[in-house]
Amino acid sequence: MNSTTRFKLSTMMFLEFFIWGAWFVTLGTFLGNNLKASGSETGAVFSTQSWGAIIAPFIVGLIADRYFNAEKILGVLHIVGAVLMYQMYTAADVSIFYPYVLGYMILFMPTLALVNSVSFNQMKDPEKEFANIRVFGTIGWIIAGLLISFVFHWDSPEGIQSGLLKNTFLMAGIASLALGLFSFTLPATPPKVSEGGIKVRDILGLDALKLLKDKNFAIFFISSILICIPLAFYYQNAGLFLADIKVSNPTGKMAIGQVSEALFLLAIPVFFSKYGFKKTILVGMLAWAIRYVLFAYGNADNLSFMLIIGIALHGVCYDFFFVSGQIYTNSKAGEQVKSAAQGIITLATYGVGMLIGFIVAGYITDMYKSADVTDWKMVWIIPAGIAAVVFLLFAVLFNDKTKAEIEVKSI
């Protein structure tokens, strides 16, 4: 890969995740303060991510993989997304805001697969080259949070009170337009599926469902759905929680989670080789329970270190569960259904699991909120309990000692 292509792909990744980090982290705070949304309404808005994840395979599979170059589809989706972002910026009520965010997420979620397709198409050895490109996405997310907190101060108590968080959508919209236009300069990534060569069952990954006949994989599959319920609490409530208890520069501090995510990726091979898949994924599950207990009992004053530790645990929570789960799925699936199996797991987690989680998180938040005062201790203790139950169920029921487990241990 030459330096020009590397620069273009790195810039693409940076902008892709800068856009997402520019508005999604502060979305809960914006909804609660600017639009006065209830917990259930906030949950409905966040669930648009899940609907986008559910619909995304059809956009990529039926359109991008069959008819048009990936980079051109990426450009069109981000340009239209910029228009929707502006509509979200001007929306004054959650009922007006919701259709635009739903439309946006249906368009944005497929771009996560498209940027990977464009990248992989230019690589001779993706296993070695992709990480060096993908890391710029994490940097983009971090930079967005730092700008919001330390440059523009939109998430300061005064900024929140003045309604400045709506500017995050304007910033994301400008970046989306920039990436949309930039996408047309990216290396050509033509469709790889010939006319008539793709079926709905392939898009849905139905052939991978046969893996559920394996008891241990079925336990892993169900656990993946269940653990995404407490996961949704973090995405939906963490930013609002930190702002509500008056933590300074909350968005910038949440970027610690992305730094942690990048660092703990390096630790996964070590854990696999020493402890195996089951213990690695159990550490990820347990980390969710621990971080929520830290959130429940921490505060913005003398116990603020508990909140920082909770945020920093994001790398363990995300990498040790999701990344190790992807590796396990890959080891269990045969060559013909590896892609389908990954699709099924993605649909189960980001689609079904988090969709349920956002609904539950909204309901719980409403239950423990009265007179604009939220009992955050209970809001966090409940998902901690859910994560602990999933941890125990997986620890007791999962006992895979087949070749797949041995292969993971040999990494």
Side-chain angles (χ1 to χ4, degrees), residues 16-53 81-82 84-109 112 140-142 144-149 152 154-156 159-176 231-244 247 249-255 257-258 311 314 350 354-355 357-362 364-366 369 374 376 379:
E16 174 77 10
F17 287 89
F18 178 92
I19 292 165
W20 201 0
W23 69 280
F24 198 71
V25 176
T26 57
L27 178 60
T29 309
F30 167 81
L31 292 170
N33 289 274
N34 290 55
L35 303 187
K36 308 302 180 185
S38 66
S40 297
E41 289 172 332
T42 299
V45 170
F46 272 91
S47 69
T48 60
Q49 173 186 274
S50 299
W51 290 118
L84 293 173
M85 270 290 163
Y86 181 77
Q87 297 300 323
M88 292 155 67
Y89 166 73
T90 61
D93 183 82
V94 70
S95 63
I96 299 172
F97 183 86
Y98 180 82
Y100 293 124
V101 71
L102 176 61
Y104 180 81
M105 291 307 281
I106 289 173
L107 296 180
F108 178 79
M109 294 306 288
L112 297 173
W141 186 294
I142 292 170
L146 296 179
L147 285 175
I148 290 170
S149 283
F152 300 123
W154 292 336
D155 63 347
S156 66
I160 293 172
Q161 185 67 28
S162 301
L164 296 183
L165 278 179
K166 75 172 188 175
N167 293 327
T168 58
F169 302 103
L170 190 60
M171 181 171 70
I174 293 171
S176 184
L231 168 62
F233 278 75
Y234 180 76
Y235 288 128
Q236 184 167 318
N237 286 330
L240 176 60
F241 161 66
L242 295 175
D244 193 44
V247 171
N249 305 308
T251 312
K253 287 177 179 174
M254 285 186 68
Q258 274 57 55
I311 294 170
H314 184 71
Y350 284 97
M354 291 192 68
L355 180 62
F358 287 132
I359 294 172
V360 173
I364 295 299
T365 303
D366 279 341
K369 183 177 182 179
T374 303
W376 287 112
V379 170

Using a 4.5 Å cut-off on heavy atoms from C-beta on, say whether the side chain of [Y] contacts that of [X].
{"X": "F233", "Y": "V360", "answer": "yes"}
{"X": "Y350", "Y": "S50", "answer": "no"}
{"X": "V45", "Y": "L31", "answer": "yes"}
{"X": "W51", "Y": "L102", "answer": "yes"}
{"X": "E16", "Y": "W141", "answer": "no"}
{"X": "F17", "Y": "Q258", "answer": "no"}
{"X": "D155", "Y": "T29", "answer": "no"}

Under the rule for side chain to side chain contact (heavy atoms under 4.5 Å, CB included), what residues qualify as partners of [X], not counting sequence neighbours?
{"X": "K36", "value": "none"}
{"X": "S176", "value": "I19, H78, A82"}
{"X": "Y89", "value": "Y86, K166, N167, F169, L170"}
{"X": "I359", "value": "none"}

Say whether, by atom type as modelled, one donor and one acceptor occur between the side chain of [X] and the main chain of [Y] under 3.5 angstrom.
{"X": "T90", "Y": "Q87", "value": "yes"}
{"X": "D366", "Y": "S40", "value": "yes"}
{"X": "S149", "Y": "L146", "value": "no"}

Full working for side-chain contact (heavy atoms from CB on, under 4.5 Å) between M88 and Y104: CA-CA 9 Å; M88 292 155 67; Y104 180 81; 4.2 Å; yes

Report, one line per pair, each donor and acceptor closer than 3.5 Å where one atom sits in a side chain of residues 92-100; sequence neighbours left out.
residue : atom : partner : partner atom : Å
D93     : OD2  : S95     : N            : 2.8
D93     : OD2  : S95     : OG           : 2.3

Give, for atom [atom1] of [X] and atom [atom2] of [Y], the distance between the pair rounded to the nearest 0.5 Å.
{"X": "L27", "Y": "N34", "atom1": "CG", "atom2": "CG", "value": "10.5 Å"}
{"X": "L164", "Y": "I148", "atom1": "CG", "atom2": "CD1", "value": "11.5 Å"}
{"X": "L355", "Y": "T48", "atom1": "CG", "atom2": "OG1", "value": "10.0 Å"}

Closest contact, heavy atoms only, [X] versus [Y]:
{"X": "M254", "Y": "L242", "result": "CG-CD1, 3.6 Å"}
{"X": "P250", "Y": "V247", "result": "CD-O, 3.3 Å"}
{"X": "A144", "Y": "G21", "result": "CB-C, 3.8 Å"}
{"X": "M85", "Y": "G173", "result": "CB-CA, 3.7 Å"}

Are the aromatic ring centres of F24 and F46 under 6.0 angstrom apart?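 Yes, close enough.
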
Taking the six-membered ring for Trp, is the centroid-to-centroid distance between F108 and W23 below 6.0 Å?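 Not under 6.0 Å, so no.
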
Quick one: sort the F152 and W154 rings into parallel, tilted or perpendicular, breaks at 30° and 60°.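 The arrangement is parallel - the two ring planes meet at less than 30°.
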
Any pair with a residue in residues 233-244 that passes side chain to side chain donor-acceptor pair (under 3.5 Å), sequence neighbours left out, goes on the list, sorted by first then second residue, please.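 Qualifying pairs, neighbours excluded: N237-T365, D244-W376.
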
Steps toward side-chain contact (heavy atoms from CB on, under 4.5 Å) verdict (F241, T374): CA-CA 9 Å; F241 161 66; T374 303; over 6 Å; no

Please report the C-alpha distance between K369 and V379 in whole Å, then the side-chain angles of each, then the deciding distance to 0.1 Å, and finally whether the side-chain contact (heavy atoms from CB on, under 4.5 Å) criterion is met. CA-CA 9 Å; K369 183 177 182 179; V379 170; over 6 Å; no

Between N33 and L240, is the side-chain contact (heavy atoms from CB on, under 4.5 Å) condition met? List the steps. CA-CA 9 Å; N33 289 274; L240 176 60; 4.0 Å; yes

